[in-house]
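In what follows, a structure is listed as structure tokens, so that the remarks can point back to it.
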Number of protein chains: 2
Amino acid sequence: MSATRPEGYDPYAFEPFAVTVDLAVFTVREGRLHVLLVERGQEPYQGAWALPGGFLLPRESAETAARRELAEETGLSERTAADLHLEQLRTYSEPDRDPRMRVVSVAYTALVPDLPEPRGGGDAAHARWTPLPAAAPPGAPGRDRRPAPLAFDHDRILADAYDRIGAKLEYTCLATAFCPPRFTLGELQQVYETVWGVELDRPNFRRKVLATPGFVEAVEGEPRRTGGRGKPAALYRAGAASVLHPPLLRPEGRQQT
Amino acid sequence: MSATRPEGYDPYAFEPFAVTVDLAVFTVREGRLHVLLVERGQEPYQGAWALPGGFLLPRESAETAARRELAEETGLSERTAADLHLEQLRTYSEPDRDPRMRVVSVAYTALVPDLPEPRGGGDAAHARWTPLPAAAPPGAPGRDRRPAPLAFDHDRILADAYDRIGAKLEYTCLATAFCPPRFTLGELQQVYETVWGVELDRPNFRRKVLATPGFVEAVEGEPRRTGGRGKPAALYRAGAASVLHPPLLRPEGRQQT
DNA sequence: TCAAAAGTGTTCGGGTTACACCCATGG
DNA sequence: CCATGGGTGTAACCCGAACACTTTTGA
């Protein structure tokens with residue numbers, strides 16, 4: 001804040017701003033990337049789908065508000081929501097992004113494992129996991145579009161969030177956030193392939209992941225099958241590392257349609 | 001915003017939030033990284049240094065406000081400020097970050113070439129370029145600290161901004177934003193070395209930059225000397241590319257003290 | 001003639017890529 | 001016994017790190 005606007009501290013001297021959080025919650029299920037959407041029950045955009053979110057309470061930080069909303073919309077306990085990976089995306093402040101009043105929204109991105117369908121409790125009644133169109137490389141010209149646009153500027157927020165997570169998979173260990181507590185390397189590879197919309201070479205992927213200290217840790221116990229068939233795969237859990245050195249760059253050309 | 005809080009649209013139903021922008025404006029001069037700071041003229045934190053910034057006007061987006069404040073504080077014309085590289089850093093919303101009222105601040109990072117000292121005009125009277133302590137690797141335990149803490153949570157914002165620009169130099173072409181319109185490869189290398197606090201191998205740096213299409217473009221004209229001595233160097237200007245493929249990773253160990 | 005900075009060349013090793021091949025399981 | 005997915009091995013290749021060396025200028 002500036003030292004040059006002393007009158008700024010009368011809370012009612014300016015047109016008030018409302019501050020909200022919006023959440024782009026992603027998961028991978030059935031080989032598709034899904035995002036959590038809620039159906040709006042009122043104008044404007046009544047009946048349209050929107051990202052979940054809500055207002056900051058008077059003594060709440062944006063991150064706290066985001067976790068609270070996430071717990072409400074997904075039906076998770078606040079305990080569980082507190083552990084989920086949440087990351088601030090950016091803030092959207094165009095004056096007319098909400099037709100009724102000035103609303104500044106802090107957007108967050110969350111990556112969650114394949115959760116059960118949002119419970120009916122409260123807000124979650126109108127929440128659905130919605131598959132994203134088959135992945136195209138972020139920023140590609142023919143970027144696919146969902147049939148019905150989302151409310152407000154949420155299409156923009158969703159696109160930004162999608163680009164961000166694709167980039168983050170390259171140089172962080174975030175992909176494990178999409179996986180259950182115990183996962184196979186095949187499942188981890190499917191995360192990358194689903195988000196990026198590419199096919200990766202399994203032997204190379206395997207070596208790359210195992211060669212990065214702290215990315216995954218082997219876990220004793222029963223091997224498991226990723227698909228219906230094939231050899232059971234060893235189980236791993238997420239390691240302590242958060243960055244990927246060197247990065248796992250996504251291939252450029254040749255992504256699947 | 002949520003579909004579940006219909007009362008949310010009465011502008012006065014909630015304690016109002018003030019929304020501000022804060023700017024971390026960096027430049028490289030005399031081989032040191034500098035940040036633009038302003039001296040606070042009033043309580044709280046009277047006499048302390050702070051990041052420049054100010055309130056959003058009623059119909060202004062955060063980015064517009066940031067450019068306006070940047071022009072005011074640096075004495076640049078709004079035309080020039082419109083062309084500068086500005087990037088949203090993140091939003092700070094802790095309830096008590098301002099002791100007087102609820103202030104949510106959208107922080108921006110700007111990279112500018114070595115500008116003249118801020119003009120005395122208006123707000124810029126109390127603005128100064130302040131050298132950052134000799135660079136240490138971001139996240140290192142013994143991270144250096146400036147003698148006097150900044151006002152509010154601006155130390156935190158500055159640290160976040162510093163980390164961000166260091167990381168951005170790795171995989172974007174942003175370093176040219178620190179350079180004048182015509183620059184030598186030696187000057188560009190000094191930007192990297194100053195921000196990262198490391199020494200780079202000149203031959204390898206040169207090849208890497210020239211091998212990246214669109215990073216820099218050769219410019220006809222008089223060669224120039226970077227330091228006082230030595231062979232005059234060819235001039236370049238920033239190219240059209242914005243991302244660096246493959247990235248220019250900073251070396252890990254061996255940074256200079 | 002020396003110091004300083006620009007610029008060129010070359011070697012070496014690690015990491016990625018591409019692909020061949022074997023193993024374990026269910027149908 | 002075959003399809004499917006897990007897992008190992010290997011050779012080619014690319015790129016970055018390291019360093020030797022030449023060129024051009026000012027002092």
Side-chain angles (χ1 to χ4, degrees), chain A residues 30-31 169-171 179 182-194 196 198-213 215-216 218-236 243-256, chain B residues 31 169-171 179 182-194 196 198-213 215-216 218-236 244-256:
Chain A
E30 297 157 12
L169 288 197
E170 289 190 326
Y171 58 95
C179 295
R182 298 291 183 266
F183 54 88
T184 69
L185 294 186
E187 291 167 340
L188 186 63
Q189 182 175 348
Q190 278 182 18
V191 167
Y192 277 90
E193 293 180 333
T194 301
W196 286 348
V198 300
E199 285 187 3
L200 302 176
D201 181 83
R202 183 153 11 104
N204 294 334
F205 178 83
R206 173 186 189 78
R207 263 187 298 266
K208 175 71 180 175
V209 170
L210 294 179
T212 303
F215 192 176
V216 299
V219 148
E220 307 300 321
E222 297 290 288
R224 202 176 64 202
R225 273 159 293 284
T226 295
R229 316 221 180 307
K231 180 180 177 176
L235 291 181
Y236 296 84
V243 291
L244 211 45
H245 267 323
L248 176 48
L249 298 175
R250 86 188 100 180
E252 309 160 53
R254 62 192 180 293
Q255 61 285 346
Q256 70 188 13
Chain B
L169 289 197
E170 290 190 324
Y171 59 96
C179 296
R182 298 290 183 265
F183 55 88
T184 70
L185 293 187
E187 291 166 340
L188 186 64
Q189 182 176 348
Q190 279 182 17
V191 167
Y192 278 90
E193 293 180 333
T194 301
W196 286 348
V198 299
E199 285 187 3
L200 301 177
D201 182 83
R202 188 159 356 146
N204 293 334
F205 179 83
R206 172 186 190 76
R207 265 187 297 266
K208 175 73 180 175
V209 170
L210 295 179
T212 304
F215 192 177
V216 298
V219 149
E220 307 299 321
E222 297 291 288
R224 201 177 64 202
R225 271 158 297 285
T226 295
R229 312 213 186 315
K231 180 178 178 177
L235 290 180
Y236 296 84
L244 211 44
H245 268 323
L248 177 47
L249 298 175
R250 85 187 99 178
E252 309 159 52
R254 62 193 180 292
Q255 62 284 347
Q256 72 189 13

Rounded to the Å, how far apart are B/Glu199 CD and D/dC19 P?
-> 13 Å

Would you give the length of the straight line joining atom OG1 of B/Thr194 to atom CD of B/Gln189, rounded to the nearest 0.5 angstrom?
-> 10.0 Å

For atom CG of A/Leu185 and atom C1' of D/dG7, their distance in whole Å = 10 Å

B/Tyr192 OH to D/dG16 P, straight-line distance once rounded to whole Å = 13 Å

Where the side chain of B/Asp201 is concerned, which of C/dG7, D/dC19, C/dA18 is the nearest nucleotide?
-> D/dC19

Nucleotide D/dG16, atom C1' - distance to NE2 of B/His245 in whole Å = 17 Å

Got a second to check how far A/Leu235's CG is from A/Leu185's CG, nearest 0.5 Å?
-> 9.5 Å

Between D/dG5 (P) and A/Leu188 (CG): distance, integer Å | 17 Å

Mind checking A/Ala211 for me? I need base, sugar-phosphate or nothing, with any heavy atom below 4.0 Å counting as a touch.
-> nothing

To the nearest angstrom, how far is B/Arg206 atom CZ from C/dT8 atom P?
-> 5 Å

Rounded to the nearest 0.5 Å, what's the gap from CG on B/Leu210 to OH on B/Tyr236? Could you check?
-> 5.0 Å

Nearest-nucleotide check on DNA chain C, B/Tyr236 vs B/Gly230; residue mapping nearer the 5' end is B/Gly230

What's the spacing between B/Gln190 CD and B/Phe205 CZ if we round to 0.5 Å?
-> 10.0 Å

Check the distance between C/dG15's P and A/Leu210's CG and give it to me in whole angstrom.
-> 14 Å

If every non-hydrogen atom of A/Leu248 is compared with every non-hydrogen atom of A/Trp196, which pair is closest and at what distance?
-> O-CH2, 3.1 Å

Between A/Pro232 and A/Asn204, name the one whose nearest nucleotide on DNA chain D is closer to the 5' end.
-> A/Pro232

Distance in angstrom units between B/Leu249 CG and D/dA17 P, rounded | 8 Å

Checking only heavy atoms, does the side chain of B/Arg207 share a donor-acceptor pair with the base of C/dG9 at less than 3.5 Å?
-> yes

Counting side-chain heavy atoms from CB outward, which of C/dA24, D/dT24, C/dT8 is closest to A/Lys231?
-> C/dA24

Between A/Gln189 and B/Arg229, which has a closest nucleotide on DNA chain D that is more 5'?
-> A/Gln189

Check if the side chain of B/Arg202 and the base of C/dA6 share a donor-acceptor pair of N or O atoms closer than 3.5 Å.
-> yes

Name the closest nucleotide to the A/Pro203 side chain, picking from D/dG16, C/dC19, C/dG7.
-> C/dC19

